[in-house]
Amino acid sequence: MPAGDAFTPDQLYDIERAVRHAEEVSGLHFSVYVGGADSETRPFALELLNELEDPDHTVLVYVDPAGRRLEIVTGALAKRQLSDTAAGLAALTMQTSFATGDLTGGLVTGVQQLGTHAHQPTLLHANEPHQQ
């Protein structure tokens with residue numbers, strides 16, 4: 001998570017804990033980037049996503065507090081687990097917290113929501129023998 005100097009150690013811990021929880025419940029990777037964009041917001045967020053170790057299984061939350069911008073981008077396989085509607089609801093939650101000046105709380109709550117909504121699909125009959 002770049003821009004770590006903008007957060008206290010306790011705030012970083014809270015965000016990292018939310019990321020770990022989201023990863024555990026969803027089976028996906030989560031990444032949070034806080035900082036300014038070198039270009040347009042969405043292409044920049046997609047570029048960041050593609051630079052990660054496993055972009056196909058990753059959800060990236062990009063926040064530019066100064067520019068008042070937020071992007072949630074997903075890799076190809078992560079998109080199967082996280083709908084645009086669920087990402088939009090998490091974004092709305094984050095934006096509400098950001099508007100009150102609570103960057104950390106917004107990130108924590110938003111990442112937790114994303115992880116919950118991107119839960120691992122249940123495998124039906126994975127360990128049961130085929131019956132006729």
Side-chain angles (χ1 to χ4, degrees):
M1 176 184 336
D5 57 341
F7 297 98
T8 68
D10 287 343
Q11 290 170 324
L12 281 174
Y13 175 77
D14 290 344
I15 295 166
E16 290 169 358
R17 189 176 62 197
V19 166
R20 281 193 310 273
H21 179 262
E23 290 177 340
E24 287 172 8
V25 299
S26 69
L28 299 173
H29 303 290
F30 282 77
S31 184
V32 175
Y33 182 95
V34 178
D38 294 336
S39 59
E40 290 295 316
T41 307
R42 186 147 187 92
F44 183 71
L46 288 168
E47 182 180 317
L48 289 172
L49 175 70
N50 288 322
E51 291 175 3
L52 296 172
E53 187 174 318
D54 186 8
D56 285 342
H57 291 94
T58 300
V59 177
L60 178 120
V61 177
Y62 165 77
V63 179
D64 177 0
R68 301 177 65 103
R69 295 194 173 128
L70 167 67
E71 290 285 343
I72 299 171
V73 292
T74 56
L77 298 173
K79 186 166 185 57
R80 293 180 187 171
Q81 283 181 238
L82 182 64
S83 70
D84 288 344
T85 302
L89 290 172
L92 195 58
T93 298
M94 286 188 264
Q95 289 169 330
T96 301
S97 290
F98 298 163
T100 65
D102 188 5
L103 182 60
T104 302
L107 287 169
V108 167
T109 304
V111 168
Q112 288 173 338
Q113 254 187 310
L114 290 166
T116 300
H117 287 291
H119 60 83
Q120 297 182 49
T122 305
L123 294 177
L124 301 177
H125 312 291
N127 295 322
E128 296 178 18
H130 180 70
Q131 296 181 10
Q132 297 206 19

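Residues take their numbers from the sequence shown, with the count starting at 1.
- Counted within 6.0 Å of CD on Glu51, heavy atoms from surrounding residues, nucleotides or ligands total more than 12; the atom is thus considered enclosed.
- Atom CG in Asp102 sits 6.5 Å away from atom OG1 in Thr104 (nearest 0.5 Å).
- Both Val63 and Phe7 sit in one connected hydrophobic cluster of ILVMFWY residues. Membership requires side-chain heavy atoms under 4.5 Å apart, directly or through other members.
- Linking ILVMFWY side-chain heavy atoms closer than 4.5 Å, directly or via other members, places Val32 and Phe98 in a single hydrophobic cluster.
- Listed by chain and residue number, nothing satisfies the side chain to side chain donor-acceptor pair (under 3.5 Å) test with Arg80 (two or more places apart in sequence, or in another chain).
- For the side chain to side chain contact (heavy atoms under 4.5 Å, CB included) test, residues two or more places apart in sequence or in another chain that qualify with Gln95 are Leu70, Leu92.
- Within the 3.5 Å criterion, the main-chain N or O of Gly106 finds no donor-acceptor partner in the side chain of Thr109.
- Between atom OG1 of residue Thr58 and atom NZ of residue Lys79 there is a gap of 14.5 Å, rounded to the nearest 0.5 Å.
- Within the model, atoms CG of Asp14 and CD of Gln112 stand 9.0 Å from one another, a figure rounded to the nearest 0.5 Å.
- Note: Leu82 CG to Ser26 OG = 8.5 Å, rounded to the nearest 0.5 Å.
- Linking Ile, Leu, Val, Met, Phe, Trp and Tyr whenever their side-chain heavy atoms come within less than 4.5 Å puts Leu103 and Ile72 in one cluster.
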(request) Check the pair Tyr13, Thr8 against side chain to side chain contact (heavy atoms under 4.5 Å, CB included), reporting the backbone distance first and the verdict last. (result) CA-CA 9 Å; Tyr13 175 77; Thr8 68; over 6 Å; no

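- Within the model, atoms CG of Asn50 and CG of Asp56 stand 8.5 Å from one another, a figure rounded to the nearest 0.5 Å.
- Put simply, the side chain of Gln81 never gets that close to the backbone of Leu28: no donor and acceptor are under 3.5 Å apart.
- The shortest heavy-atom contact between Pro65 and Gly35 is CD-N, 4.4 Å.
- For His57, the side chain to side chain donor-acceptor pair (under 3.5 Å) partners at least two apart in sequence or on another chain are Asp54.
- Residues passing the side chain to side chain donor-acceptor pair (under 3.5 Å) test with Thr116, sequence neighbours excluded: none.
- Put simply, CG on Leu77 and NE2 on His29 are 10.5 Å apart, with the number rounded to the nearest 0.5 Å.
- Taking both residues in full, the closest heavy atoms of Glu71 and Ala45 are given as CB-CB, 4.0 Å, listed atom of the first, atom of the second, then distance.
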(request) Give the C-alpha distance, both sets of side-chain angles, the deciding distance and a yes or no for side chain to side chain contact (heavy atoms under 4.5 Å, CB included) between Leu114 and Val61. (result) CA-CA 10 Å; Leu114 290 166; Val61 177; 3.6 Å; yes

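- Proximity of Val111 to Ile15: side-chain heavy atoms (C-beta onward) are nowhere separated by under 4.5 Å.
- Scored by the ring-ring contact (aromatic ring centres under 6.0 Å, His included) test, Tyr62 finds Tyr33, Phe44 as partners (sequence neighbours excluded).
- With sequence neighbours left out, the side chain to side chain contact (heavy atoms under 4.5 Å, CB included) criterion links Thr96 to no other residue.
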